[in-house]
2 protein chains.
Amino acid sequence: MTNGKEATLHHRILSDIEGRIVSGEWPPGYRLPFEVDLAVQYGCSRMTANKVLTHLARAGLIERRKKSGSFVSQPVTQAAVLEIHSIEAEVRSLKLPYSYRLERRVRREASPIDRQHLELTETASVLDLVCLHHAGGRPFCLEERLINLMTVPEAEGEDFSKSAPGTWLISQIPWNTAEHRIYAQSSSAEVAKTLDISRNAACLVVERRTWGSDGPVTFVRFTYPGERHALVARFTPGAGS
Amino acid sequence: MTNGKEATLHHRILSDIEGRIVSGEWPPGYRLPFEVDLAVQYGCSRMTANKVLTHLARAGLIERRKKSGSFVSQPVTQAAVLEIHSIEAEVRSLKLPYSYRLERRVRREASPIDRQHLELTETASVLDLVCLHHAGGRPFCLEERLINLMTVPEAEGEDFSKSAPGTWLISQIPWNTAEHRIYAQSSSAEVAKTLDISRNAACLVVERRTWGSDGPVTFVRFTYPGERHALVARFTPGAGS
DNA sequence: TGGGCAAACATGTATATACATAATAATCCG
DNA sequence: CGGATTATTATGTATATACATGTTTGCCCA
């Protein structure tokens, strides 16, 4: 998305203003020049200045008030972007050989706990899957997944013995909303055995709930063993330009 | 930022197209109507249609190719936005009384480990702080922080006995880049004692490194006790409209 | 003095227009 | 027939213009 070398007037003005804000030259609360003044300053029309300011406002770097002008916003909350790829991509980016094994595949009526996980109010059929992802011959991640067969009936025809359900699902459900919960947990005896780690070792758990346009799609819990894993997130204000 | 009730032509067109994409009516790879056709369809000028499409492209929902047209993009990686507020705001949002205590405040030359944490190549003076955040009378979060006195010399004049360094820093350093690492760790004897939890209990650790325009600013490690805490991140494609 | 009205001001939105650019389609000619 | 040239097409960027909208400022008059 960010080419780094776009020399349009728009980009020049944008990165110039962005630079002043990021560098602190224009501190939070500072009122930037009016649109017309910016237009004169950069030798462009007001429309172009307006576009740039609209852009900055959408990125959260500035706030705009009619009559008063545009102001550099206070950095209130820091938003970090966590990119969550597929497990296979994650392993391969570590230059490790990847393998996958399906441990369990059960079709059943949703239990109360299942319904809570999927945020279902009514009863429904679900597919209960457990898979194990390996990296370099060692257990890398335990995946426990519920698929809502009301919204993804096609899942019943897949056996998921060869490839992970996440990859298949993403090609089936076009777009969605997702909610993530990230927490630490001591490994239970069962998890410790599966992941080949000691009992009570700290695990990083990432839970994800996904919705499509027809309702809840899937709930998945990834358990990463031990203290070897970390999620890394980078944040730069105004990113995405 | 998102008002929810803006009835401008721009917003109507945008949410209509967004809806078609999110609902799957226009699946990944689908070529949307040309700008001129959209303009006719919605009864607006090409400029308005162009703005909407530019907007969608920036949000990552579509990709645009000259001559060929605009296409719904493949959902490749899921990006979750983690909002990281101040600890105090976090505690207060849980409707719990908040208190803060400074445990240590040492000024020293950066050790090799400090330099690694701050990504410093040369030697420098740092401020080493340890603070404890309480929620409802119980330890909520352990904060271990290094402040680079090369970039923030003003920090030496602050004693941080009353308020947390994070709040003060955010008002001093205008904008920055940050990198986060999130992982699980068994509590050491020392951490267990400080946080009043059992030895080897799983803790969620969030490390953050921050840069200003003059270089590395601060390194901080937040250790959340036990399994009571979770980071929650929500993701909707095209969010931020 | 103060309440209210009007002017001005800055942004917000939308249009028509123009030309640049990149990729494809059509054509021409050896 | 096939490679090179030209035309067409759709997007990309920028401008000038117009009017709407929400604030502030100041003025007028009771």
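Naming: A, B, ... by sequence-line order, numbering from 1 per chain. These figures come from a predicted structure and were not determined experimentally. Hydrogens, waters and symmetry mates play no part in the numbers below; they use all other heavy atoms, side chains included.
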> Which pair of heavy atoms, one from A:R115 and one from A:T121, lies closest together, and at what distance?
Replying inline: NE-O, 4.0 Å
> Between B:L53 (CG) and D:dT11 (P), how many Å, whole number?
Replying inline: 7 Å
> If you pin A:H10 and A:S68 to their nearest nucleotides in DNA chain D, which one's is more 5'?
Replying inline: A:H10
> So, is A:S70 close to the C:dA10 phosphate, meaning a side-chain N or O under 4.0 Å from OP1 or OP2?
Replying inline: no
>> We want to know whether A:R101 and A:H133 form a side-chain donor-acceptor pair, criterion being a heavy-atom distance below 3.5 angstrom.
In response: no
> Going from OG on A:S15 to NE2 on A:H10, what distance comes out if it is rounded to the nearest 0.5 angstrom?
Replying inline: 10.0 Å
> Salt bridge between B:E35 and B:R64, side-chain N to carboxylate O under 4.0 Å?
Replying inline: yes
>> Distance check needed: D:dT15 P versus A:Y42 OH, whole Å only.
In response: 14 Å
>> In whole Å, I'd like the distance from the CZ atom of B:F34 to the C1' atom of C:dT24.
In response: 11 Å
> Stepwise, does the side-chain contact (heavy atoms from CB on, under 4.5 Å) test hold for B:Y30 with B:F71?
Replying inline: CA-CA 5 Å; B:Y30 176 86; B:F71 300 82; over 6 Å; no
> What about B:R65, does its side chain sit under 3.5 Å from the base of D:dG12 through a donor-acceptor pair?
Replying inline: no
> Could you state the CE-P distance from B:M47 to D:dA16, rounded to the nearest angstrom?
Replying inline: 14 Å
> Just how far, in rounded Å, is P of D:dT23 from NZ of A:K67?
Replying inline: 12 Å
> Is there a side-chain polar atom (N or O) of B:T48 under 4.0 Å from OP1 or OP2 of C:dT15?
Replying inline: yes
> Within this structure, what is the CZ-to-C1' distance between A:R46 and D:dT13, rounded to whole angstrom?
Replying inline: 18 Å
>> Students often get this wrong, so: under 4.0 angstrom with heavy atoms, is B:L9 touching a base, only sugar-phosphate, or nothing?
In response: sugar-phosphate
>> Nearest to the B:S45 side chain among C:dT15, D:dG12, D:dA14, which nucleotide is it?
In response: C:dT15
> Which nucleotide sits closest to the side chain of A:K66: D:dT21, D:dT11, C:dA23?
Replying inline: D:dT21
> When the distance from CG of B:N50 to P of C:dT17 is rounded to whole Å, what number comes out?
Replying inline: 17 Å
> Does OP1 or OP2 of D:dG12 have a side-chain N or O of B:R64 closer than 4.0 Å?
Replying inline: yes
> Rounded to the Å, how far apart are A:R31 CZ and D:dT24 P?
Replying inline: 13 Å
